[in-house]
Peer 1: 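Got a structure for you, questions after.
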Amino acid sequence: MIKSQKYLIFFAVILNCLITSLSLLHHQPINVDGIIYLKAAQAYLDQGFHVAVANYPWPFYSIFIALTSQLTHLSLLHAGFVLNTVLTSILVVTFVLLIKELGGTLFEQYLGLFTIICYPFLNHDLYNILRDFGYYAFFLVAFLFFIYYLRHFKWRDAFIVTLSLLIALLFRIESILILLLAPLIVLFKKEMHLSQKIYATIKLYIPGILLGSLGLATVFIKYHTMNIDFKNINIFFNVLISGPSYIVSNLSAKEILIQHDILNIYGQDSANIFLFGGMIAIFIDSFFTTMSGFYTVIVCYALLTKKIILESNARLALYGFILLYSLILFGFILTELFLPGRYIVPICLLLMLLIPFALTRLAQFYLQHNNKYWLPILFIIGLLYSVINAFGHFGTSKTYIMTAGNWIKNNTTPASQLYSNDPTLAFYSERQGTLYQGIQNDNDWLITLKNTSLNNYDYLALVIHNDEIAKEKQVILWLHKKPIKQWQNNFGDSAILFDLRH
């Protein structure tokens, strides 16, 4: 590796650490899933693997947080931030290295660094505790070494591809599908005999069989359990294993629902068109929202520009992974009829690899047609929008929840029992009381509150959104008490605290 690229990688790590640290200055509370991960991490430290599994069925990210906490002597929350910083640094560095493997110059690698650092979807989650960072990072590492494998078919690269996907599997179970299906891409490599393709494909499966068996045996022997949750992956396996019969029956069931509940009698013959059109629309909407408008425009230009990626192995790997992952996502949409943005991020990351090349092409086009004065203006506007969107915080601020939780922690006794309708507020208060067990089917917290005996609680802390003012008045009338403390943001959302001891 030349010295200039070493400087680039060092700069990428430092820049990512800086941006991650600055994201915490928004003082926004962590995500609710992050609270679950931290509880599982604490369970692992207190009582071991079995209890961690009981708290969260796929506990490996939580275990990584716990081990980071032990290593650094930080709290679990700050250990989670440190771990995510390490994972996002791996993600950023791998992204830059991929630009190089796709044929990018040093300048285009810097453009790649700018592209990933300014990616809004990832930046907006830097202050959260998310297992997705680890999945994205090692997914890209596997993709990088898959390119190496296509070039030379070395055992080393086959093992690193497999090991990376197995590590990604510890963060998100969907990785097993890439592990099973990605080797098939080798069959589409040109200038090879069929027997050579088959051998190279089988060669890529062997490390997975060996390492996977070793990993499962280790877990079983050490912890005497296989009590892990494969429910999330079942929807994909149903599509892969059950085949056409499962797909047809699933589609038929959804078409019947559409005919009965959505379309009138004259439009029932169009139910299948409605269904497939909706699936495509779900994918496009999720992609556009996750990628961001400016990046989507640049990527579309890149796809329309021929021969951006000249190296055949890199091109095969890139388009093969994009197609493979798209099929997996459509399998998910087929069964669930929705697609969270975090699921489509791997495709966005792969397509974003084209952006630096597209930017240099646009620059060359402008230099050759400098009468196109509108081109740099549009580009600068789009770039400014992307940067502001990436680093700005324009949504509803939830700082008041952190402030309320910290006040309760610092101004009540550690033995105080707290009831709260908000898991984040309860988390930051660090007081015993209600435990968050996941999303409740009954979203009306007021009904749940009125059906709860508060005799054993010392305080009641509620988060009241700006459209729930009437509920706040009902709580005051029901308790015959006024809140002793109140915090509010600029949108009228508030946290209120009642003293139940008198």
Side-chain angles (χ1 to χ4, degrees), residues 1 90-91 93-104 135-217 233 236-237 239-241 243 303 306-331 346-347 349-351 353-354 357:
M1 184 180 294
I90 295 173
L91 170 62
V93 169
T94 306
F95 189 89
V96 172
L97 291 177
L98 278 166
I99 299 296
K100 174 180 177 293
E101 292 307 317
L102 294 178
Y135 176 64
Y136 302 150
F138 286 96
F139 171 82
L140 283 188
V141 172
F143 177 67
L144 174 64
F145 280 88
F146 188 84
I147 294 175
Y148 294 156
Y149 181 76
L150 284 178
R151 289 174 182 163
H152 307 293
F153 299 115
K154 292 183 178 180
W155 279 108
R156 181 205 66 178
D157 297 329
F159 270 94
I160 296 178
V161 168
T162 302
L163 183 61
S164 300
L165 289 174
L166 287 174
I167 296 174
L169 177 63
L170 298 178
F171 293 95
R172 293 202 66 88
I173 200 169
E174 296 93 309
S175 178
I176 196 171
L177 293 174
I178 309 299
L179 193 62
L180 292 173
L181 299 176
L184 299 178
I185 296 173
V186 179
L187 296 174
F188 295 90
K189 183 176 170 64
K190 297 179 180 180
E191 300 177 355
M192 288 179 63
H193 297 298
L194 180 60
S195 59
Q196 293 176 313
K197 294 179 182 180
I198 293 174
Y199 173 73
T201 302
I202 294 174
K203 187 176 179 179
L204 197 52
Y205 276 115
I206 291 175
I209 297 172
L210 295 176
L211 295 175
S213 301
L214 180 63
L216 289 175
I233 203 68
F236 298 112
F237 277 134
V239 175
L240 291 173
I241 297 173
L303 292 174
K306 298 180 179 179
K307 298 182 180 179
I308 275 192
I309 308 299
L310 298 177
E311 208 276 322
S312 59
N313 294 298
R315 186 168 60 246
L316 173 62
L318 179 63
Y319 295 144
F321 264 67
I322 290 173
L323 178 60
L324 171 61
Y325 216 93
S326 298
L327 292 174
I328 292 173
L329 292 181
F330 271 104
I347 288 182
L349 291 173
L350 293 176
L351 287 172
L353 292 169
L354 301 175
F357 302 97

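Residue indices begin at 1 and follow the sequence shown.
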Peer 1: Output, in order, the C-alpha distance, side-chain angles, deciding distance and verdict of side-chain contact (heavy atoms from CB on, under 4.5 Å) for Leu169 and Leu179.
Peer 2: CA-CA 9 Å; Leu169 177 63; Leu179 193 62; 5.6 Å; no
Peer 1: Which distance, rounded to the nearest 0.5 Å, do you find between the CG of Leu214 and the CD1 of Ile209?
Peer 2: 13.5 Å
Peer 1: Going by atom type alone, with no hydrogens or angles, which donor-acceptor pairs under 3.5 Å involve a side-chain atom of residues 154-166 and a protein atom two or more places apart or on another chain?
Peer 2:
unit_1	atom_1	unit_2	atom_2	d
Thr162	OG1	Ala158	O	2.9
Ser164	OG	Ile160	O	2.7

Peer 1: For residues 137-146, dump all side-chain donor-acceptor pairs below 3.5 Å to protein atoms at least two apart in sequence or in another chain.
Peer 2:
none

Peer 1: With sequence neighbours left out, write down each residue that passes salt bridge (Lys or Arg N to Asp or Glu O under 4.0 Å) with Arg151, or none if nothing qualifies.
Peer 2: Glu101, Glu311
Peer 1: Excluding sequence neighbours, so at least two apart, what forms ring-ring contact (aromatic ring centres under 6.0 Å, His included) with Phe95?
Peer 2: none
Peer 1: Considering residues at least two apart in sequence or located in another chain, which fulfil the side chain to side chain contact (heavy atoms under 4.5 Å, CB included) criterion with Tyr205?
Peer 2: Pro183, Leu184, Thr201
Peer 1: Pair Ile99, Phe357 - check side-chain contact (heavy atoms from CB on, under 4.5 Å), show working.
Peer 2: CA-CA 9 Å; Ile99 299 296; Phe357 302 97; 4.2 Å; yes
Peer 1: Within the side chain of Tyr149, is there an N or O that forms a donor-acceptor pair under 3.5 Å with the backbone of Ala200?
Peer 2: yes
Peer 1: With sequence neighbours left out, write down each residue that passes ring-ring contact (aromatic ring centres under 6.0 Å, His included) with Phe330, or none if nothing qualifies.
Peer 2: Phe283
Peer 1: Among residues at least two apart in sequence or on other chains, which ones pass side chain to side chain donor-acceptor pair (under 3.5 Å) with Lys100?
Peer 2: none
Peer 1: Ignoring hydrogens, what is the shortest heavy-atom contact between Ile185 and Gly320? Give both atom names and the distance.
Peer 2: CD1-C, 3.6 Å
Peer 1: Show your reasoning for whether side-chain contact (heavy atoms from CB on, under 4.5 Å) applies to Met192 and Phe153.
Peer 2: CA-CA 12 Å; Met192 288 179 63; Phe153 299 115; 3.6 Å; yes
Peer 1: Nearest 0.5 Å, what's the CG-CZ distance between Leu351 and Phe321?
Peer 2: 13.5 Å
Peer 1: Could you list all the salt bridge (Lys or Arg N to Asp or Glu O under 4.0 Å) pairs where at least one residue sits in residues 176-195, not counting sequence neighbours?
Peer 2: none
Peer 1: Mind listing the closest non-hydrogen atom pair of Leu350 and Leu318 along with its distance?
Peer 2: O-CD1, 3.5 Å
Peer 1: In chain order, what residues pass the side chain to side chain donor-acceptor pair (under 3.5 Å) check against Tyr135, with sequence neighbours excluded?
Peer 2: Tyr325
Peer 1: Evaluate the side-chain proximity of Leu91 to Leu349: yes if any heavy-atom separation is below 4.5 Å, no if none is.
Peer 2: yes
Peer 1: Measuring from atom CG of Asn313 to atom CG of Leu102, what distance do you get when rounded to the nearest 0.5 angstrom?
Peer 2: 11.5 Å
Peer 1: Test side-chain contact (heavy atoms from CB on, under 4.5 Å) on Leu98 and Ile147; report intermediate values, then the result.
Peer 2: CA-CA 9 Å; Leu98 278 166; Ile147 294 175; 3.9 Å; yes
